[in-house]
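Just so you know, residue 1 is the first one in the sequence shown, and it goes up from there.
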Amino acid sequence: LSFIKELGVKNTSPISKERRMFCLYSCRCGNEIIAQKRNVDNGNTQSCGCLQKLNTSKARKTHGVSHKRIYRIYYHMKDRCLNLKNIQYRDWGGRGIKICDEWSTNFISFYKWSMDNGYKDNLQIDRIDNNGDYNPSNCRWVGKNIQSRNTRRIYKHNTSGYRGVSFIKNRNKWKSSICVDRQPFHLGYFDTPLEAALAYDKYVKENKLEHTTNFD
């Protein structure tokens with residue numbers, strides 16, 4: 001931006017007493033804009049908006065899929081791992097889940113891996129090790145039913161604190177059960193929730209299921 005003239009100082013906030021200097025500038029594209037002097041000086045404002053549009057246009061030309069579902073998946077993957085303001089950050093970036101350098105700085109690399117590893121518009125990206133990072137060796141494309149098995153989150157209505165464990169009042173016992181391919185399986189009744197949780201984990205491991213266990 002090229003400085004033309006000062007337009008004066010004014011207070012733009014009804015709360016703050018801070019006064020800001022505004023000036024008239026000429027943009028490289030030929031437009032004239034009014035901008036806060038401080039923002040131009042520190043580089044926060046670099047154009048009338050044309051530079052941002054140009055960068056967005058270049059990004060689209062680079063891979064041509066910025067409007068497609070796979071790019072949204074990539075964007076949200078990065079956002080929940082890197083953006084502290086993301087409501088999901090606590091369960092991803094906040095507990096140390098990272099994105100490999102190969103993907104975090106290069107969407108094309110992520111895109112090529114996805115196309116070579118079975119990506120379809122009805123699939124979700126899933127980490128094989130739920131405590132591991134997003135990288136080619138720990139990720140796959142799966143259906144929602146498989147992804148829901150591989151989760152560390154325990155539903156709020158679960159009062160036992162363990163996956164697959166519930167209390168049966170009329171028996172005064174803790175029940176262990178599991179759902180495989182939408183079919184429920186009863187694993188037994190136990191005196192403590194811990195015993196029931198261990199039975200759940202044993203069944204998952206012995207049958208080599210996709211389900212997340214209680215104790216990894």
Scan the side chains in residues 166-173 for donor-acceptor partners under 3.5 Å anywhere in the protein, sequence neighbours excluded, and list what turns up.
| from | atom 1 | to | atom 2 | distance (Å) |
| --- | --- | --- | --- | --- |
| Arg171 | NE | Tyr189 | OH | 3.4 |
| Lys173 | NZ | Asp191 | OD1 | 2.3 |

Could you check whether any side-chain heavy atom of [X] comes within less than 4.5 Å of a side-chain heavy atom of [Y], counting everything from C-beta outward?
X: His186; Y: Lys175; result: yes
X: Trp92; Y: Met77; result: no
X: Asn83; Y: Tyr89; result: no
X: Arg90; Y: Arg95; result: no
X: Phe110; Y: Ile125; result: yes
X: Phe107; Y: Ile70; result: yes
X: Tyr119; Y: Ile73; result: yes
X: Asn42; Y: Arg38; result: yes

Inset, instruction - Please state whether the rings of Phe3 and Tyr25 are parallel, tilted or perpendicular, taking 30° and 60° as the class boundaries. - result: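 Because their plane-to-plane angle is over 60°, the rings of Phe3 and Tyr25 count as perpendicular.
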Inset, instruction - Check the surroundings of atom CZ in Phe185: do more than 12 heavy atoms from other residues, nucleotides or ligands lie under 6.0 Å from it? - result: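 Enclosed: over 12 neighbouring heavy atoms sit under 6.0 Å from CZ of Phe185.
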Is there a donor-acceptor contact under 3.5 Å from the side chain of [X] to the main chain of [Y]?
X: Lys98; Y: Gly93; value: no
X: Asp133; Y: Asn135; value: no
X: Arg127; Y: Cys139; value: no
X: Asn138; Y: Tyr134; value: no
X: Glu206; Y: Tyr203; value: no
X: Ser176; Y: Ala196; value: yes

Legend entry - Salt-bridge contact Asp126-Arg140 (side-chain N to carboxylate O under 4.0 Å):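 Answer for the salt bridge query: yes.
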Legend entry - Residues Lys205, Asp201: salt bridge by 4.0 Å N-O rule: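 A salt bridge is absent here (no side-chain N lies under 4.0 Å from a carboxylate O).
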In this structure, would [X] and [Y] fall into the same cluster of hydrophobic residues linked by side-chain contacts under 4.5 Å?
X: Ile178; Y: Phe190; answer: no
X: Trp141; Y: Ile108; answer: yes
X: Ile97; Y: Leu84; answer: no

Inset, instruction - Report the distance from atom NE2 of His211 to atom SG of Cys179, rounding to the nearest 0.5 Å. - result: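 Reported to 0.5 Å precision, the distance equals 6.5 Å.
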Legend entry - Asp79 side chain to Asn86 side chain, donor-acceptor N/O pair below 3.5 angstrom: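 Present: a donor and an acceptor within the cut-off.
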Inset, instruction - Measure from NZ or CZ of Arg163 to the centre of the six-membered ring of Tyr200 and say whether it is under 6.0 Å with the direction within 45° of the ring axis. - result: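 Output no; distance or angle outside limits.
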Inset, instruction - Begin with the C-alpha distance, continue with both residues' side-chain angles, and end with the deciding distance and a verdict on side-chain contact (heavy atoms from CB on, under 4.5 Å) for Ser114 and Tyr111. - result: CA-CA 5 Å; Ser114 299; Tyr111 178 80; 5.7 Å; no
Heavy-atom pair with the smallest gap, counting every atom of [X] and [Y]:
X: Ser104; Y: Ile99; value: N-CG2, 3.8 Å
X: Arg69; Y: Lys120; value: NH1-O, 3.6 Å
X: Val40; Y: Ala35; value: CG2-CB, 3.9 Å
X: Trp174; Y: Pro193; value: NE1-CD, 3.3 Å

Inset, instruction - Assess whether side-chain contact (heavy atoms from CB on, under 4.5 Å) is satisfied between Ile34 and Leu7, documenting all intermediate values. - result: CA-CA 8 Å; Ile34 297 173; Leu7 298 178; 3.6 Å; yes
Legend entry - Residues which pass side chain to side chain donor-acceptor pair (under 3.5 Å) with Ser109, listed by chain and number, not counting sequence neighbours: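 Only Glu102 meet the side chain to side chain donor-acceptor pair (under 3.5 Å) criterion with Ser109.
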Legend entry - Listed partners of Tyr74 passing side chain to side chain donor-acceptor pair (under 3.5 Å), at least two apart: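 Side chain to side chain donor-acceptor pair (under 3.5 Å) check on Tyr74 returns nothing, list empty.
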